Amino acid sequence: MGFEAILQILIQGLNMGLIYALAALGISLIWNATGLFNFAQGDLLTVGGYVMLSMFSHWALPYPFAFLLTCAVMGLAGYMLSQGYFFPMFSQGLHPDIIVIGTIALTVLVQNGILLLWGPQAQRFSPPLGDSPVHVGQVIIMPYYLWNIAVVVVLVALLQVFFKKSILGIAMRAVAQRPVTASLMGVRTNHLVALTFLLATGLAAVGGILIAPVIPLIPEMGGLVALKAFAAVLIGGLGSFAGALIGGAIVGIAEVVFATLVVSTYKDVFIFAILIAFLLVRPRGIFSAEISEKV
Amino acid sequence: MKLYKGLLGLSLGVFFAALTLVGCQSSQPKSIKIVHLAPLTGSASSYGSFGVNAAKMAVEEINSKGGVKLPDGSQLKIEYTEVDETSNSAGAIEGTKKAISLDPLVILGPNRSGGVLAAEKLWKDAKIPALTDATNAQTTRLGNPYTFRMQISSEYWIPLLVKTGVEKYNVKRPAVIYGLNDYSKANWVATEPAMAKFNLKPVIVQTFNDNDQDFSAQLLAIKKSGADSIFLYGYTPEVGKITRQRSELGMKNIPVFSERAASVPSVFDLAGKENYEGMVTTTTMSQGDPDPRIQEFIKKYDAKYHQAFSASHVIHYDSVYIVADLVSKVGLDREKIRQELAKLDYQGAMGHYVADKEGNLVHHMRTQVWKDNQWVMLLSENYPVER
């Protein structure tokens, strides 16, 4: 296999991996803040894609405006979801393992809501840089691959600055690391947990916006992405910012490499075999999720 | 006292007589119950919604004329209920159980071969005829006299697809890619002998799983193999995504030959019309067919739903009319309906339905190509009806 073929495989894998990484990041954020695995994260990603579809394709808003508005709307939806759905469960003192069932119920609600609002047909909107492939030697690159990579890189940089430099970001990290201490220091933990939901859902929306040109939107798409995102979270290191990103990239690239070099039929088996191996040998993932590293 | 006892006896007599009368009335059906097992949620929900639309159109047409006239002169309307079978085997079993609990005269569906194979014993035990929508040859070879197929078995239309490739496109180095489900596997099984008849052998065979999102590994392997054509078998979502990705990987010049799932309108949305140009598919009814009955149906469907449609939808329209026709002949006796289906000879909107010994009702098939935003018919064949 030549260099160009390898490069092509890596690009294909990285493109999917970045989408998994965005979903994984949202899962990690919520886990850090609440100790909860949100199985609906993939479905929130799908909703983000559909909201963008409405704003960009149906209402013909300019792409950048529709992009930002979608993130804002979804962030707000995430905030309201925390207030109206999760906080009542938290306030009842339910164990997070039980609330996980609530997140699974949420996936069913969201998928059927999408079905009602947008219908069952697969839908897609045009990517911002067009649909014509770019040839670099023998390597073929879709412009939206580059767009997706650029958006994720910028987003990650902004998130790093936000968590390291801003008061709000530092407070969110404090709540994730030492919730009781943060509370005693006067941090409104509930408010910050709600803001974490806002941020995680906004990130999911970005994932949905970026994925729609790659995979046409269908109501149950999020569940399929979420499965890989959970694998990415656990391989990368649960709760780790870098782990979510690297885990996503590993899952995306590994599945394409395995399918190309070994057999496509068992690529999912391969990914989940890696996951099982990590759980047995290095259960805290690549980045071991040191508490100081938590987002 | 005697008077009271007499009155009590009379009252009880009247009471039980009334009960008996009510009982008799309730055992007399007030409608012709048809339950449609369709995928209303899940990955095939788009397909399901089209099929339900087509069936409802037939029900509305029949009921608007007062319903179906039974042999005894009475007239009954059709009571149509759709039940979600989610297009997977577990969903088909659950859906069939629910359908049976509704006590229908006939079941339409399930949609996919895996669903039919999983649930057929249920309608067999309940003795309810089912007009199924699957192409795996085995679905009508299980000794179930209540299973009928409104499609053609893959054993028949894959040879026509291969023939089209050879005769119309000079295919010499075919690649095959198929999904790991009962429907697609049956197509693959039918492909090797069909190709062998033309001294062809696939240069590469690739597989994928249902719900896969990325097919670049398989497509790059096909590209590397130097294949001059791709025979693609899968459900609509995967066919659409593979067709799109093929273009993205610079393989638009390699023609794709696919089965009926590729002629469903939702594939256009998934693949993008610009990537669909040149797609060859099998079908039981082509929009490019000049037959006036077919063109009339297309106009009628479009006027009502403003949607494109495929042959996979018109069979649900015809299924309702077939049931109505049989009820008008033999009434509401399920066993008689089954016997009539086993010797069916009916002209529907899609074509001529004739039953063979296995319960296959459709025996004509076409291949078509998507060219300049419309379907153009390529080859047409009928296979013999063995009774």
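Protein chains get the first letters and strands the later ones, always in sequence-line order, with residue 1 at the start of each. Given the structure is predicted, the values throughout are model-derived calculations rather than measurements.
Contact of A:Asn15 with chain B is not made at all, since no heavy-atom distance falls under 4.5 Å. No part of B:Thr236 comes within reach of chain A, as not one of its non-hydrogen atoms sits under 4.5 angstrom from that chain. At a 4.5 Å heavy-atom cutoff, the contact between B:Ser49 and chain A is made by side-chain atoms alone. Only the side chain of B:Leu180 comes within contact range of chain A, with at least one heavy atom under 4.5 Å from a heavy atom of that chain. Both the backbone and the side chain of B:Glu248 come within contact range of chain A, judged by heavy atoms closer than 4.5 Å. Looking at B:Leu220, the atoms closer than 4.5 Å to chain A (heavy atoms on both sides) all sit in the side chain, from C-beta outward.
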Taking it one step at a time, do B:Ser216 and A:Val256 satisfy side-chain contact (heavy atoms from CB on, under 4.5 Å)? CA-CA 7 Å; B:Ser216 51; A:Val256 178; 3.9 Å; yes

With side-chain contact (heavy atoms from CB on, under 4.5 Å) as the test, would you mind laying out the steps for B:Leu249 and A:Gln12 before giving the verdict? CA-CA 10 Å; B:Leu249 291 170; A:Gln12 298 293 133; 3.5 Å; yes

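In this structure a side-chain-to-backbone donor-acceptor pair under 3.5 Å is present from B:Asn209 to A:Thr265.
Under a 4.0 Å N-O distance rule, the pair B:Asp212/A:Lys267 qualifies as a salt bridge.
Distance NZ/B:Lys223 to CD/A:Gln138: 7.0 Å, rounded to 0.5 Å. Here CG of B:Asp214 is found 11.5 Å from CD1 of A:Ile19. Values are rounded to the nearest 0.5 Å. If you take CD on A:Gln111 and OG1 on B:Thr41, they are separated by 8.5 Å, rounding to the nearest 0.5 Å.
Between A:Pro133 and B:Ser247, the shortest heavy-atom contact is CG-O, 4.3 Å.
In this structure, the side chains of A:Lys228 and B:Gln213 stay at 4.5 Å or more apart for every pair of heavy atoms.
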